Amino acid sequence: MVKDMVLGSEAVALGVKLARPKVISAYPITPQTHIIERLSEMVDNGELDASFIRVESELSAISAAMGASQAGVRAFTATSSHGLALMHEVLHWIVGARLPVVLVNANRAIGSPWNIWTDQTDSMSQRDLGWLQVYCETAQEALDTVLQAFYVAEKVLLPIMVMIDGFILSHTLEEVVIPTQEQADEFLPPYEPGYFLDIDNPLSFGNAAKGDVFYNLRKDIQRSMEASFGIINEAHNRFDDIFGRRYDLIDTYFIDDAEIVFVIAGALTGTVRVAVDKLRNMGVKAGLLKIRYFRPFPSDLVRSYLADKKHVVVLNRSLSFGSAGQITQEIKNALYFEEDKPSIYDYVLSLGGKEVFVEDVVKLALNVGNLETSKILWRE
Amino acid sequence: MDFRDVKNIEYMNQGDYACPGCGAGLSMRHALKVLGEKTIIVMPASCWSIIAGVFPTTALQVPLMHVPFATAAAVASGVKNAYKKKGQDDVNVVCWAGDGGTFDIGLQALSGAAERKEDIIYVCYDNEAYMNTGIQRSSATPPGAWTTTTPTGNPLIYEKKDMFNIVASHNPAYVATATIAYPDDFYLKFEKAKNAKGFRFIHILSACPPGWRIDSKDSVKAMRLAVESGMFVLMEKEQGKPIRITYKPERFIPVREYLLLQGRYRHLDKNTINEIQIRVNERLKDLDLS
């Protein structure tokens, strides 16, 4: 174990290296590119024993990762924004094929117009596929989550998408504790697939299935999602035992006695933490609930924290046009059966990297009495 | 290798969903006899997505992975790299794609894999249109041919994409054309592809009785006349060597004999047939065949 100052993207690469994937396929896109640059260095200088496939598009990046996974080895790819959108068809296929591919997405807006800065539109657009989704706040969390992701994916037999904010996290230096390979190996055993493209046991994968079979296969995906909570918790416990760092499906900050709770996912959580500190100093009972796992969505846990609150301000960095922010939808869904619900505010905090300052969040809390719950709230 | 020496072993099960007279079913059956049991098939959307059978049945006795339309060569790259890392480099990873999945939607992934010199065999069974969706034009459809999206004939300004040379320009280990109507030639080419290392591409002409509007008993005949008329030339190119014509008829027959066997060309007038003949003659001249 060593401590070092590394970029968020580099922390991801270090996490991937510790997981010992056999095949990495990737295509460059800002702001993800540092991840695959670092991984290609590791492969070229022999630090990482993997095939690095320099494909000609993101569609081929995810396709090659899918092929490798179906052939029975650990596979990784990283992308962002337009790249993730281009992968969409194969992202579906991987879920249906029940392949534990791990993908890191550097959250970035999608054009038009061109914009390389961060929001969560890209990954939220892939919400309904059957990929597990985790949003990271820090470089340490990114490294740790990548390791956890392989563990969880290979037990649940569903793929996982790990999100880091473009630039805010991918391009920021932070102090990171880098686990040893021995620790990582203790946490993450070698991948042993149940079924794969095996010349000694020839099977066909993906043959056409009629409605009743298909229906049951889809039901299995949902059941695995529901069962994944237990596996995620198991992964977090193992991780804590081996590395001494504790994670949960969500994270909270000053939430117990809070009257106003901000809900957010991703690296802007840090900004909101500082705002909560300021508000507390001013005597305002503010708190924070960070969404780590967005899929599966931990509704029970969220409800247990938010049901008795007065105000819940959901800070979205994406929205479903014509409806609401995706995180707001989940919060409302989780609290639907509560008789004495909090006021839930659907706030679009930032899109395309629109700057967010601590003061913006502080003002929001001070003004909470004037906010409406019946419509989407926008910044000036 | 002589096709009569091929063992009477089948890697296709009895019972599949191919139409009677389907060239694609026949081609797979014989290709697998050469490729053998250490073969993994990667299959994008095509007629073979159905021919392979409906869950829980399968037509193949080798591992098979169905994949989305545009992705075959990329998926196969991943499969092959995985097998290399597992220390099993002797496995044939084979893309088995139609003309739509090769000439059109899969071309980018194919070019990428060929450029990276991926150690895979890419087979395109070309029935010259989107037959599985009900006979729509692809960029492999010859000028003049009727399809449901070219109801008055594929415009003559179009030319069938030259996949052999497109792939050859990537300087692969091996590139060839073949058709099961010439089984000796077909077997030899699959044998060469199997024994070469690197990117290998075989373009198979594959008759489609419903799409070509022919009687299923005429399927092999149609593929043979395509070659005898010079509409489809049997050739190959090994890396570092010039293109080699592997079969040359004593005398090319007029293209009209090939065309008029098929309902998809029956609307063609004399001038159009002449125009097609002129193009075929020019191509044969380019290949030093006339």
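This is a predicted model, so every value here is computed, not measured. So you know, we letter chains A, B, ... as the sequences are listed, proteins then strands, and number each from 1.
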Tell me, side chain or backbone of [X] under 4.5 Å from chain A's heavy atoms, or both, or neither?
| X | answer |
| --- | --- |
| B:Gln88 | side chain |
| B:Ser111 | neither |
| B:Gln108 | both |
| B:Val91 | side chain |
| B:Lys86 | side chain |

For chain B, which of [options] has the most heavy-atom pairs under 4.5 Å?
| options | result |
| --- | --- |
| A:Leu59, A:Ile53, A:Val55 | A:Ile53 |
| A:Val90, A:Asp198, A:Asn201, A:Ile62 | A:Asp198 |
| A:Ser63, A:Ala71, A:Ala61, A:Ser25 | A:Ser63 |

Worksheet item: Any ion pair linking B:Glu118 and B:Lys80 (charged N to carboxylate O, less than 4.0 Å)?
Response: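 Looking at B:Glu118 together with B:Lys80, the answer is no, because their closest N to O distance does not fall below 4.0 Å.
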Worksheet item: Quick one: which of B:Asn92, B:Val94, B:Leu60 gives a side-chain contact (heavy atoms from CB on, under 4.5 Å) with B:Leu32?
Response: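 Testing B:Leu32 for a side-chain contact (heavy atoms from CB on, under 4.5 Å) against B:Asn92, B:Val94, B:Leu60 leaves exactly one candidate, B:Leu60.
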Examine whether an atom of [X] lies under 4.5 Å from a heavy atom of chain B, and if so say whether it belongs to the side chain, the backbone or both; otherwise answer neither.
| X | value |
| --- | --- |
| A:Leu203 | backbone |
| A:Val23 | side chain |
| A:Phe196 | side chain |
| A:Ala209 | both |
| A:Ala50 | backbone |
| A:Asp200 | neither |

Would you please classify the geometry between the [Y] ring and the [X] ring as parallel, tilted or perpendicular, with 30° and 60° separating the classes?
| X | Y | value |
| --- | --- | --- |
| B:Phe186 | B:Phe190 | tilted |
| B:Tyr122 | B:Phe199 | tilted |
| B:Phe69 | B:Tyr130 | perpendicular |

Discussion item. Does the Lys NZ or Arg CZ of A:Arg218 fall within the cation-pi geometry relative to A:Phe214 - under 6.0 Å from the ring centre and within 45° of the axis?
Written reply: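 Yes, A:Arg218 lies over the aromatic ring of A:Phe214.
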Given the options [options], which has more heavy-atom pairs under 4.5 Å with chain A than any of the others?
| options | result |
| --- | --- |
| B:Thr58, B:Thr39, B:Val93, B:Ile50 | B:Thr58 |
| B:Gln61, B:Met43, B:Met65, B:Glu37 | B:Met65 |
| B:Thr71, B:Asn81, B:Val42 | B:Asn81 |

Worksheet entry | No-hydrogen, no-angle side-chain donor-acceptor test under 3.5 Å, B:Asp126 and B:Thr102 |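 There is no such pair between these side chains.
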Worksheet item: Got B:Leu64 and B:Trp96 here, is their nearest side-chain heavy-atom distance under 4.5 Å?
Response: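 Heavy-atom side-chain distance check fails, nothing below 4.5 Å.
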Practice prompt. Could you please spell out the steps behind the side-chain contact (heavy atoms from CB on, under 4.5 Å) verdict for A:Gln181 and A:Leu18?
Written response: CA-CA 6 Å; A:Gln181 188 64 58; A:Leu18 289 168; 3.5 Å; yes
Discussion item. Between A:Arg98 and A:Ser224, does the side-chain hydrogen bond (donor to acceptor under 3.5 Å, both in side chains) criterion hold? Intermediate values first, please.
Written reply: CA-CA 10 Å; A:Arg98 304 301 301 261; A:Ser224 295; 2.6 Å; yes
Worksheet item: A:Glu56 and B:Gly112: which non-hydrogen atoms are nearest, and at how many Å?
Response: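 Closest approach of A:Glu56 to B:Gly112, heavy atoms only: OE1-CA, 3.7 Å.
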